[in-house]
Amino acid sequence: MDASRPYPVSLTVEYPEGPRNRASAFLRLFMVVPIGIILALLIGTGWHSEQVRHGLEYATAGFVVAPALLMILFRQKYPRWWFDWNLNLNRFLFRVSAYLGLLRDEYPSTDDEQALHLEVAYPDAKTELNRWLPLVKWFLVIPHIIVLAFLDTAAYFCVFFAWFAILFTGRYPRPLFDFVVGVMRWQARVIWYAVLLSTDSYPPFGFEA
């Protein structure tokens, strides 16, 4: 990826510098249930922990996907309020994902940004989006989906080891933290390219911020 032209989708999570809340980490699977129910109601599908952490599995649930595709295809428009809805719902989902993945201890907010920052550039559909490309983006990202299947598995193990590390040391090992955030960032870029259709820039293979 050209450093002079950063990718139009970025995701960062602030690393918690202080000691972690061991009780919160120990009970995380139970504590996430109430906000998970709210998320399930928004995305309109059954919720469970694996689904929230899988950025590609919520694909069309609750998000303006098919209408956006048709508008780009036939009108070369991406209505701003559809884009804003997708962005804010995506931010909320990733906040819940970060909480479930033990990256942060503050309870996920339904509206405040908190320590997770997802930024997506709003596109000029007429000049920046090829009207025909959304029809084949799902096919073009197959290599990413294959790689992410392995990375997701590795991320689960990282969270599992981090859970023990937090319980015994009060810290989330920084290499594990950076890896999990990197996988989430990779997921976000693939989602906004192939599902939410905000960019035609092919997602980079990597964890770069």
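As the structure is a computational prediction, the values presented were derived from the model and not from experiment.
- Residues L133 and Y193 are in side-chain contact: their nearest non-hydrogen atoms beyond the backbone lie under 4.5 Å apart.
- For the atom pair CD1 of I166 and CZ of F26, the computed distance is 13.0 Å after rounding to the nearest 0.5 Å.
- Checked by atom type and distance alone, the side chain of Q114 never pairs as donor or acceptor with a backbone atom of R95 at under 3.5 Å.
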F164 and T169: CA distance, side-chain angles, deciding distance, side-chain contact (heavy atoms from CB on, under 4.5 Å) verdict: CA-CA 8 Å; F164 282 101; T169 71; over 6 Å; no

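- Side-chain contact between R189 and T199 is absent, with no heavy atoms from C-beta onward closer than 4.5 Å.
- V120 and S198 make their closest contact through CG1-OG, 3.4 Å (heavy atoms, listed as atom of the first residue, atom of the second, distance).
- Considering every non-hydrogen atom in both V159 and L100, the closest pair reads CG1-O, 4.5 Å.
- More than 12 heavy atoms of other residues, nucleotides or ligands sit less than 6.0 Å from atom CZ of R22.
- A cation-pi arrangement is found for R28 relative to Y99, the charged atom lying closer than 6.0 Å to the ring centre and inside a 45° cone about the ring normal.
- Listed here is the closest heavy atom pair of A68 and W82: N-CZ3, 3.7 Å.
- Annotation: side chain of K126 is not in contact with side chain of R131 (no heavy-atom distance under 4.5 Å).
- The minimum heavy-atom distance between A162 and L176, with the atom names listed, is N-CD1, 4.2 Å.
- A distance of 11.0 Å separates CD in Q187 from CD1 in I145, rounded to the nearest 0.5 Å.
- Inspection of the E14 and H117 side chains reveals an N or O donor paired with an N or O acceptor under 3.5 Å.
- Side-chain atoms of L148 and L151, non-hydrogen and from C-beta on, do get closer than 4.5 Å to each other.
- Between the CH2 atom in W186 and the NE2 atom in H144 there is a gap of 7.0 Å [rounded to 0.5 Å].
- Of all the heavy atoms in A98 and L116, the pair that sits closest is CB-CD1, 3.8 Å.
- Side-chain contact between Y107 and P34 is present, with heavy atoms from C-beta onward closer than 4.5 Å.
- With D105 contributing its side chain and N21 its backbone, the two residues share a donor-acceptor pair below 3.5 Å.
- In this structure, L93 and L42 have side chains that are not in contact, with every pair of non-hydrogen atoms separated by 4.5 Å or more.
- Side-chain atoms of W192 and N86 form no donor-acceptor pair, as typed in the model, at a separation below 3.5 Å.
- Within 6.0 Å of CZ on F157 lie no more than 12 heavy atoms contributed by other residues, nucleotides or ligands.
- Taking OH of Y172 as the reference point, atom CH2 of W163 lies at 13.5 Å (rounded to 0.5 Å).
- Nearest heavy-atom pair, N130 versus I72, reported as atom, atom and distance to 0.1 Å: O-CG2, 4.3 Å.
- Within 6.0 Å of the NZ atom in K77, the count of heavy atoms belonging to other residues, nucleotides or ligands does not exceed 12.
- Side-chain contact between K137 and L197 is present, with heavy atoms from C-beta onward closer than 4.5 Å.
- Seen from the ring of Y122, R80 counts as a face-on cation partner, given the 6.0 Å and 45° thresholds.
- Between I35 and F92 the shortest side-chain heavy-atom distance falls below 4.5 Å.
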Worked check of salt bridge (charged side-chain N to carboxylate O under 4.0 Å, His left out) between E119 and R91: CA-CA 9 Å; E119 300 298 334; R91 284 171 171 167; 3.3 Å; yes

Residues R185, T12; criterion side-chain contact (heavy atoms from CB on, under 4.5 Å); working and verdict: CA-CA 7 Å; R185 182 181 301 120; T12 58; 4.2 Å; yes

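- Heavy atoms of other residues, nucleotides or ligands lying less than 6.0 angstrom from CZ of F160 number 12 at most.
- Remark: R174 qualifies as a cation-pi partner of Y15 under the 6.0 Å distance and 45° angle criteria applied to the six-membered ring.
- Distance check: S97 OG to L103 CG gives 7.5 Å after rounding to the nearest 0.5 Å.
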Audit row: L41, I38, side-chain contact (heavy atoms from CB on, under 4.5 Å) steps and yes/no: CA-CA 5 Å; L41 293 173; I38 294 174; 5.5 Å; no

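- Between the CG atom of L129 and the CG atom of D200 there is a distance of 5.0 Å, given to the nearest 0.5 Å.
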